[in-house]
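Reminder, nothing fancy here: chain letters follow the sequence lines and each chain counts from 1.
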Amino acid sequence: MNHIMTESAEVTTQSKGGYVLEVDRLVTEFDTPDGTLRAVNDVSFGVRPGETVCIVGESGSGKSTTMLSALGLIKKDGGRIAGGEVRFNGENLLRMSKERLRRIRGREIGMIFQDPMSSLNPVFTVGDQLVEAVRLHQKVNRAQARKRAIGVLSLVGVPNPEVRFDQYPHQYSGGMRQRAMIAMAIINDPAVLVADEPTTALDVTIQAQVLRVLAKAQKETGSATILITHDLGVVAETADRVLVMYGGRIIEQGDVETVFKSPKHPYTVGLLNSQPRIDENAERLKPIPGEPPNLAALPSGCVFSERCGLRQGREACTSEEPSLQETGESASHSAACHFWPEVRPPVHEQETISVRPKSVGENAPAETVLEVTELKKHFKTSGGLFKRGDKPVRAVDGVSFDLRSGETLGLVGESGSGKTTVGKAALGLVGNVDGTIVFLGKDIARYGRSHLRPIRKDLQMVFQDPYGSLDPRMNVRKIITEPMWIHGIAPGENGVEHLLERVGLRASIAERYPHQLSGGQRQRVGIARALGLRPRVMVLDEPVSALDVSVQAQVINLLKEIQAEDNIAYLFVAHDLAVVHNMSDRVAIMYLGKIMEIGDRAEVYKNPTHPYTQALLSAVPIPDPGARDGEGRIVLKGDIPNPSSPPSGCVFRTRCWKATEKCAIEVPALEDRLGIGHPSACHYPDVPQKNHSVTARV
Amino acid sequence: MLKLIASRILAAVPTLFGVLVATFLIVHLIPGDPISAILGDEATEEQIQTTREALGLNDPLYVQFANYLTQVLQGDLGTSISGRQPVADQIMARLPATISLAIAGVIASVIIGIPLGMLAATRRGGKTDFSALLFTTVGEAAPAFWTGILLSTVFAITLGWLPATGAGTPGDTWSVIRSLILPATALGLAGMALIARITRSSMLEVLNEDYVRTARAKGVREWVVITRHALRNAAIPVVTVIGLNFGVLLGGTVVMETVFARPGIGSLLVNAIFARDYPVVQGVTLVIAVSFVLVNLVTDIVYRFLDPRLRDEVTSKA
C-alpha cells in the first residue's frame, strides 16, 4: 500500500515491550440504578506492530468496553474511565486534548465494528464516507481522495469499485458493507486496527471471505490488530496472542497455542469444552454451570468462583481475588487462578458416549411423523399503484424430507436459504404453500385455521429470540399455562413446577416476568411452554444462536435430554454448522430455497459430495490453532444471489468452481450419484480428499 | 423523481374529489339559508323564489353538485352570493397574504425549534436541556391568540417597533416582512415547541447509533458529527411534524388574521360561513385542501432527498 505523506509526524517512542498500543490498569465504570458497575477492571495488555491480539469473552466480559474506553468512545450516559492509562506510542490517549485524540482516531487507530448494517451512515454514499475519512487526516483534494478510496475498495475485494463508490450502504450486501467498513478503517494506513466482532453478523462463507480480507489488510498495512470476538474458532484462526476476559477482568493470556492446548484457568477450559466442534463427536457437551456474571453483583474473591468446578469449597477462591500469575507454560502465559497447577486441559472426545436411548433401529422402527414433499413457497412483493410487482421471492422451491419421532433433522443454510420458512411451513404457519405436508397421515398443507387448531398442540416451536418471543406483561406461570389452557390440557402432572424442573429452572421462577430472567433462562421458559403441550414435533428455530457459548451448551444438552425422554421429533433450523453437527441425527443443507444435500449427519460431515456443503464445512473456523488451514480452505466468491431472481439451472452455479454450461441449463436432481448412501443435487459430485487443492478465490 | 411527483398528483385526485363532495354536502346540509342573508328579512316570497331559481338552489342536490364540479374543472369556483364577485378572484386577492403568513410561521418554528432541540439533545440532562423543555412546555400550552395579543401589546403598542395591524404595503417588501414578524412568531410558537421536542428525541436516538460511533472513530469533529452525520438522519420525523404542522398553521392563520387585522383567506372563510356564502366556503376549503396535498407532496420529496433508502424502496425490498 502506498504511503501517503501525512501531517502527523512518525512518532517512534515505543514502550518497553515494543508495544504500539498499551492499555495499563484500565478501569471503566458505569453508573446505573443498581449502583456503579465496573465493566472493565484493572485490565492491562499491549499490542506490537504486525501482531494480532484477540480478546475473547462472553457477554458482559468487558471485551468491547475495554477498547471503546481506550478510544474514548464509550456511551456518555453514566460511563466513565475511573483509572489507568492507554498509551499510543507512549502518549496517554486518556489525558490528551480532544483535538489530538481526534487526529489519532481514524488516522493512527482504525476501528471496525460488529454490525456493518448499522455502522455505515445510511444517508451518505460509501464513497463520501471514505473520502471524508481520507480528507479528515490528509491534505489531499477530493479527486486524490477518491482515487485512494477506489484503490482501497478494490484492495478489500469490492467488485467494480468505481461504480460501488457512488452507491449507498443499503445497496451493498452485508459482506460488502463489512468490506467497505474495513476499507474505511485502513484507508489512512493506521498503526493499530481494532475490529469488534467483525464477522459475527455475517454468514459463514462470507465470514471466511472477510477474515481473509482482514488478514490481507493487516499484511498490507503492517498494523497491530486487536480483534474482539466471542467465537473461539475465529480466535484460533487469527490470533497470535489471546486475552480471555471474564467479569471485566483478564483471567488468562498467552500465545494462542498455549491458551488452546494447555489453558490454566478453569473458565478457559470450560469455554473450550462448551464449544461444539465439527471435528469432534462429543454426544454431550460439558457446559459451564450457571450464567455469565451480573456486573452489579459480582462474587467476592475470584469472579469465576460461583461457576468453578475446581473451587471445591476452598476459602481462597471467595476471599481473595487471584492476580495473573506466570505459569511457565510458555513465555508471557499467565492465568488468574489460585489453583492453576490443578487445571486439567480441555477434553477432546472422539468416542461416542450415547446418552439417548436410540429409538431409531433399536426399539420398534421409528414412526414417520412428518413428511414434506415438494414444498414451495413463493412470496409476492407488492408493487405500487403504477408499478409492476417484482418477481416473486422463491423462499422455498421444492423441498422434500421426512422426520421420524425421536430424531433430529438439522436444517442448515445461510441467510436467504429459506430454512426458517420451511420450519414455519412444517407447522402450518405459512399460508398458500404448494406441495404436501403430511403430519401423521393427514396433509395439513391446505388446512384452514380451524382445522389446524386441534393439531397445533402436537406441533410446537421454539424461537430464536428469547427476548422477543415471551410476552413481557405475563409472568412465567402464565406464559407456560396459557397454551395448555387454550388446548384444554389440565396442568396436573404437567404442572408448571414440574415443567420448570424439567428445563432446569427453580420453581420460584414461575412468578417472575421475562425481563427479570437471563437469556438462557428465557430460552428455557420458551422450551417449557412448548413442552407443556406434549408435542410430537418441535421446530427449533435457531434456539441457541442468541446465547453465550457456555449457556448454549447447557441448552443443547437440555434439548437432547428432553428428546430422549419424550421421543419428540426435532426440526432443528440453524446456521451454525458446529451446533447442527452436535444436535442432529440427519442434516439437510439448504441454498436458495432448495436442498443441496441431505443424509446421515456423520456421512454428510465426513463425505460431503456437494461443492456447497464442502465450502460451508471448509469455512467453519475450528477452535484449534493447529488446524489452521489457510491455503486448503475453500473461499467462495461473491454473495448469495437474490432469491427473487435465482440463477438458471443449478442455483449454486454462480459461486461454484465446478460450474459448466450444463449447470446453467439443467437443474441437478437430488440423487445419490456416487452410490455412497446419501443424495446431493450436483451434476459433478465428488468425495473430497484431505487438503483438497481447490484454488481459493476471494 | 418526476414519476414520483406524477404518481402523487394522480393519487391526490380521489382525495380532492372527496373534499369537494364533503364540503358541498356539509355546506348544503347545515341549517340556514343564504337567501335570507342576501335579501334580508323583508323579502317577499316571489323575490325569494326568483333568487333561488337564479342561483340554482331549486335543482336536486346531485344536479347542483354536477354543475359545481363542471365549473371547478374549468377553473371557475363560482360567484360569491353576498359579494357578487368571482370566488376565484376573491381568493387570489387574499391568498398571498395567508400563504406568506403560514410560511413565515413555519420558518419561525423551524429556525428556532430545530437548533433548540439539537442543543437540548447534545446537553442532555443539563440546565440547557431543562430550560429548553420548560420553554417548549410553555410554548405548547399558550394559546396562539393570547401570545399574539401579548406580542402585539409589547412590541407594537408599548415599544412601537413593529406594526400592530395590517399586512404591509403591497410592493414594499420591507413593510410586508415587518408586518409578518409578530403574527408569524405567535403562530410558530406552538409548532416550534413541537419541533424542538421531536428534534431532541430524534437526535438523542441517532446519537446512539452505530454510524455516529463510526464517525467519531474516524476522527470527525464532534460539531461535524452532530451537524453532518446525525442531523440529516434525525430530520425525517422532524420533517413529518413540520408537514403536519403546516396544516395546523393554516388553521391558525384564521385566528392571527383576526388578532392582527390582516386580510387573508382565514377572515374570508369566517365571514363566508356567517353569510352562508356557499361558493366562497367551498372555494376556500378546496384551496386549503389543495395546499395540504401540495405540502404532503413536498414532504414526500424531502424524505427522499434526506434518505436515499426511500429513493429505491421497491428494489431494496427484494
Side-chain (Ser119(A)) to main-chain (Tyr211(B)) donor-acceptor, under 3.5 angstrom
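Such a contact is absent between Ser119(A) side chain and Tyr211(B) backbone.
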
Do Asn121(A) side-chain atoms and His229(B) backbone N/O form a donor-acceptor pair below 3.5 Å?
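Confirmed, Asn121(A) side chain pairs with His229(B) backbone.
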
Under a 4.0 Å N-O cut-off, is there an ion pair linking Arg228(B) with Glu132(A)?
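Counted as a salt bridge, because a side-chain N and a carboxylate O are separated by less than 4.0 Å.
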
May I ask you to decide whether Glu99(A) forms a salt bridge with Arg221(B), counting only side-chain N to carboxylate O separations under 4.0 Å?
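Arg221(B) and Glu99(A): salt-bridged.
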
Under 4.5 Å from a heavy atom of chain B, the part of Met117(A) involved
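Interface part for Met117(A): neither.
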
Of the backbone (N, CA, C, O) and the side chain (C-beta and beyond), which part of Ile109(A) lies under 4.5 Å from a heavy atom of chain B, both, or neither?
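Backbone only.
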
Considering only heavy atoms, which portion of Leu306(B) lies under 4.5 Å from any heavy atom of chain A: side chain, backbone, both, or neither?
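When you check distances to chain A, only backbone atoms of Leu306(B) fall under 4.5 Å.
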
Check each atom of Val212(B) against the heavy atoms of chain A and say whether the ones under 4.5 Å are side chain, backbone, both or neither.
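Contact with chain A: none, neither part.
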
Quick check on the interface: out of Lys98(A), Arg102(A), Met111(A), who has the most heavy-atom pairs with chain B under 4.5 Å?
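Answer, by heavy-atom pair count under 4.5 Å with chain B: Arg102(A).
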
Under 4.5 Å, counting heavy-atom pairs only, tell me which of Ala185(A), Pro190(A), Gly106(A) racks up the most with chain B.
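So the answer, after comparing Ala185(A), Pro190(A), Gly106(A), is Gly106(A).
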
Nearest heavy-atom neighbours spanning Pro308(B) and Pro122(A):
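For Pro308(B) versus Pro122(A), the nearest heavy atoms are CG-O, 3.1 Å.
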
Roughly how far, to the nearest 0.5 Å, is the CG atom of Leu71(A) from the CZ atom of Arg213(B)?
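So the CZ of Arg213(B) and the CG of Leu71(A) are separated by 11.0 Å.
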
When rounded to the nearest 0.5 angstrom, what distance separates CG in Leu120(A) from OG1 in Thr214(B)?
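Reported to 0.5 Å precision, the distance equals 6.5 Å.
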
Using side-chain heavy atoms (C-beta onward) and a distance below 4.5 Å, is Arg105(A) in contact with Lys218(B)?
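No; the side chains remain at least 4.5 Å from each other.
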
